[in-house]
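What you see below is based on every heavy atom in this structure, not just the backbone, and it leaves out hydrogens, waters and symmetry mates.
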Amino acid sequence: MTRRISILGATGSIGQSTIDLIRRNRDAYDVVALTGGRNVPQLAKDAIELGADIAVTADEGSLQDLKDALAGSSVQAAAGRSALIEAARRPTDWTMSAIVGAAGLEPGMVALEQGGTLALANKESLVTAGSLLLETGNAHGAKILPVDSEHSAIFQALVGEEIDAVERVIITASGGAFRDWPLEQIAKATPEQAATHPNWDMGQRITIDSASMFNKAMEVIEANEFFRLSPDSIEVLVHPQSLVHALVGFYDGALMAHVGPPDMRHAIGYALHWPRRAPLPVERLDLAKIGQLNFREPEAARYPALGLAKIVMNEGGLAGAIFNGAKELALDAFIARQIGFLDMARLVEMVLDRLVSREGLNKDVMSLDTVHHADQIARRAGQEIISQGMLS
Ligand code: NDP
Ligand code: MG
């Protein structure tokens with residue numbers, strides 16, 4: 001029997017890895033929707049090859065280009081935010097949520113409302129609205145499977161275990177592009193330097209977030225939300241080889257480690273075939289050749305973002321949406337060379353200070369509207385801090 005699938009964010013790094021796996025077993029899937037942003041040629045090419053029902057670009061102005069690129073095929077073309085949401089609402093058995101940023105939350109939510117399985121790469125959904133997402137999944141009998149490699153690793157280490165037996169989880173971090181740079185030099189780092197990852201090949205934004213450890217801070221919050229662990233039981237270790245993705249420590253002292261090559265097709269493939277395993281085209285590790293696996297504590301001065309994750313988890317409520325909104329704004333400003341690399345964490349901290357304890361905000365009911373509102377006021381506050389020169 002074929003499975004109906006959709007890929008939200010099909011033109012990105014995760015989307016393309018997902019398509020790679022689908023392509024290898026084409027007859028097993030009925031592709032419902034592929035969505036993309038500005039990369040219309042890629043979107044059209046994949047939609048035609050996979051015989052999708054509909055291809056949607058989030059970019060309203062690209063509709064004619066998409067129509068032209070799909071001319072002569074049976075793939076329907078659509079553009080804009082509401083078309084994207086409509087496409088995400090089409091029932092599937094499995095949907096990949098791989099849009100980058102807070103823009104991925106609502107499409108993932110409407111997909112969950114149709115039941116089926118949501119493979120969740122978009123970590124911002126859990127950071128900004130974890131409880132809302134999980135409740136929506138429960139209410140509609142939908143399953144959410146983690147795709148972020150560390151969370152997939154934890155999920156796999158938990159198979160057959162009881163969550164109450166977990167004492168701690170350890171999430172590993174490569175340390176990013178600047179793990180061995182002197183701090184003074186990091187302050188002057190350019191977006192190009194930050195966008196080179198030592199081990200993983202990923203989208204530009206998450207690669208820069210890896211250098212600043214905002215990515216790891218997001219992943220700590222993500223683990224806290226998804227697995228319902230206490231903030232103090234989630235640890236981060238720098239592991240330069242990126243082969244051990246995460247470890248789960250149980251109360252009998254056992255540590256279960258997930259070891260594998262840095263290739264997202266493993267975590268994507270695990271979510272695609274869950275609850276079974278299927279052969280996947282990933283490298284087999286030769287541990288004798290690798291010889292050593294190293295671990296060290298992350299230095300607080302080098303990675304201030306990690307401390308901010310603790311604040312967010314302890315505050316709860318809409319603090320995650322504020323944190324993420326401020327982080328996205330800070331990242332945009334860094335990419336646009338308006339602020340320096342280390343200013344990103346300072347800016348997010350200032351926005352959190354200003355907004356998190358604001359009366360009413362944390363007590364708001366979590367809904368798409370309140371999450372969106374928190375995201376917007378965080379971006380506005382961040383913009384204000386930059387334009388008033390308060391960072392220097
Ligand atoms: P990319 O930047 O490579 O791709 C992002 C995708 O989202 C593209 O399809 C892009 O379209 C689309 N997109 C961008 N902006 C919008 C928007 N406003 N509305 C709708 N679609 C949009 O990102 P990644 O694949 O690296 O990451 C995707 C998600 O997965 C992120 O949340 C990331 O944190 C997470 N993740 C990624 C990992 C990785 O290895 N890359 C690992 C773990 C998690 P287009 O390119 O056509 O403009
Ligand atoms: Mg990850």
Side-chain angles (χ1 to χ4, degrees), residues 7-22 35-39 42-43 46 96-104 108 119-127 145-154 171-179 189-223 236 238-246 258 260-272 280-283 298 303 305-306 309 324 327-328 330-332 334-335 341 344:
I7 305 172
L8 313 175
T11 50
S13 163
I14 294 284
Q16 289 292 298
S17 292
T18 309
I19 288 175
D20 177 76
L21 294 179
I22 302 298
T35 82
R38 294 184 178 276
N39 192 348
Q42 187 71 51
L43 177 65
D46 292 334
M96 167 55 77
S97 166
I99 290 171
V100 66
L120 188 66
N122 177 267
K123 60 188 76 187
E124 295 86 352
S125 299
L126 279 171
V127 172
L145 295 174
V147 171
D148 212 343
S149 57
E150 297 76 3
H151 305 76
S152 174
I154 297 168
I171 294 176
T172 62
S174 69
F178 308 139
R179 66 179 170 219
T190 64
E192 291 74 22
Q193 289 167 325
T196 344
H197 198 281
N199 305 326
W200 293 91
D201 180 13
M202 310 185 284
Q204 181 206 33
R205 298 182 74 84
I206 184 175
T207 305
I208 300 177
D209 283 350
S210 296
S212 63
M213 284 269 197
F214 266 114
N215 181 47
K216 218 43 62 177
M218 307 263 291
E219 290 180 356
V220 168
I221 302 169
E222 195 185 351
V236 174
V238 173
H239 166 49
Q241 292 91 355
S242 294
L243 298 176
V244 177
H245 304 302
H258 184 283
D263 183 337
M264 284 308 294
R265 291 177 306 172
H266 170 74
I268 297 167
Y270 185 79
L272 183 60
L280 292 173
V282 302
E283 181 198 341
Y303 302 121
L306 290 178
N324 184 70
K327 192 234 52 163
E328 290 194 24
L331 181 56
D332 287 340
F334 172 66
I335 293 172
F341 184 76
M344 288 193 282

Fill in the blank from the handout: Tightest non-hydrogen contact, residues Gly260 and His245, listed as O-NE2, 3.0 Å
Completion exercise
In terms of heavy-atom contacts, Thr35 and Ile99 come closest through OG1-CD1, 4.2 Å
Problem - side-chain contact (heavy atoms from CB on, under 4.5 Å) evaluation trace for Lys123 with Ile221 - result: CA-CA 9 Å; Lys123 60 188 76 187; Ile221 302 169; over 6 Å; no
Exercise for the section: Look only at the side chain of Glu124 and the backbone of Gly101, and say whether a donor-acceptor pair between them is shorter than 3.5 Å. Expected result: yes
Problem - Test ring pair (Phe, Tyr, Trp, His ring centres under 6.0 Å) applied to His151 - qualifying residues, sequence neighbours left out - result: none
Handout entry: Residue pair Ile7 / Gly15: nearest heavy atoms and the distance that separates them
Key = CG2-CA, 4.1 Å
Problem - Centroid-centroid distance, His266 to Trp200, less than 6.0 Å - result: no
Handout entry: Test ring pair (Phe, Tyr, Trp, His ring centres under 6.0 Å) applied to His239 - qualifying residues, sequence neighbours left out
Key = Phe295
Handout entry: Pairwise side-chain contact, Leu331 with Arg205, heavy-atom cut-off 4.5 Å (strictly under)
Key = yes
Problem - Stepwise side-chain contact (heavy atoms from CB on, under 4.5 Å) test for Ile335 and Gln204 - result: CA-CA 10 Å; Ile335 293 172; Gln204 181 206 33; 3.8 Å; yes
Exercise for the section: Side-chain contact test, heavy atoms from C-beta onward, threshold under 4.5 Å: evaluate it for Met218 versus Asn324 and give yes or no. Expected result: yes
Problem - Side-chain (Arg179) to main-chain (Ser174) donor-acceptor, under 3.5 angstrom - result: yes
Exercise for the section: May I ask you to test the Asp46-Gln16 pair for a side-chain heavy-atom distance under 4.5 Å? Expected result: yes
Exercise for the section: Compare every heavy atom of Pro298 with every heavy atom of Val236, then report the nearest pair and how far apart it is. Expected result: O-CD, 3.2 Å
Problem - side chain to side chain contact (heavy atoms under 4.5 Å, CB included) partners for Ala98, two or more places apart - result: Ile14, Met96, Ala121
Exercise for the section: Report the residues that fulfil side chain to side chain contact (heavy atoms under 4.5 Å, CB included) with Thr190, sequence neighbours left out, ordered by chain and then residue number. Expected result: Glu192, Gln193, Arg337
Practice task
Could you list the residues that satisfy side chain to side chain contact (heavy atoms under 4.5 Å, CB included) with Ala194, not counting sequence neighbours?
Solution key: Phe178, Ile208, Ala211, Phe334, Phe341
Handout entry: Interatomic distance, Ser242 atom OG to Asp263 atom CG [nearest 0.5 angstrom]
Key = 12.5 Å
Practice task
Kindly indicate whether the side chain of Pro281, heavy atoms from C-beta on, has any atom under 4.5 Å from the side chain of Leu21.
Solution key: yes
Handout entry: Student check: side-chain heavy atoms of Glu150 and Lys216 closer than 4.5 Å
Key = yes
Problem - Smallest separation among heavy atoms of Ala153 and Ala246, with atom names - result: CB-CB, 3.9 Å
Fill in the blank from the handout: For Asn122 and Gly104 the tightest heavy-atom approach is ND2-CA, 3.8 Å
Handout entry: Which residues share a side-chain hydrogen bond (donor to acceptor under 3.5 Å, both in side chains) with Asp201, sequence neighbours left out
Key = none
Practice task
Indicate yes or no: at least one non-hydrogen side-chain atom of Asp209 is less than 4.5 angstrom from one of Lys327.
Solution key: yes
Exercise for the section: Would you confirm whether Ser152, through its side chain, and Asp148, through its main-chain N or O, come within 3.5 Å as a donor-acceptor pair? Expected result: no
Handout entry: Distance-only donor-acceptor check, side chains Asn39 and Thr11, under 3.5 Å
Key = no
Handout entry: Flag side-chain contact, heavy atom, 4.5 Å: Thr18 against Leu272
Key = no
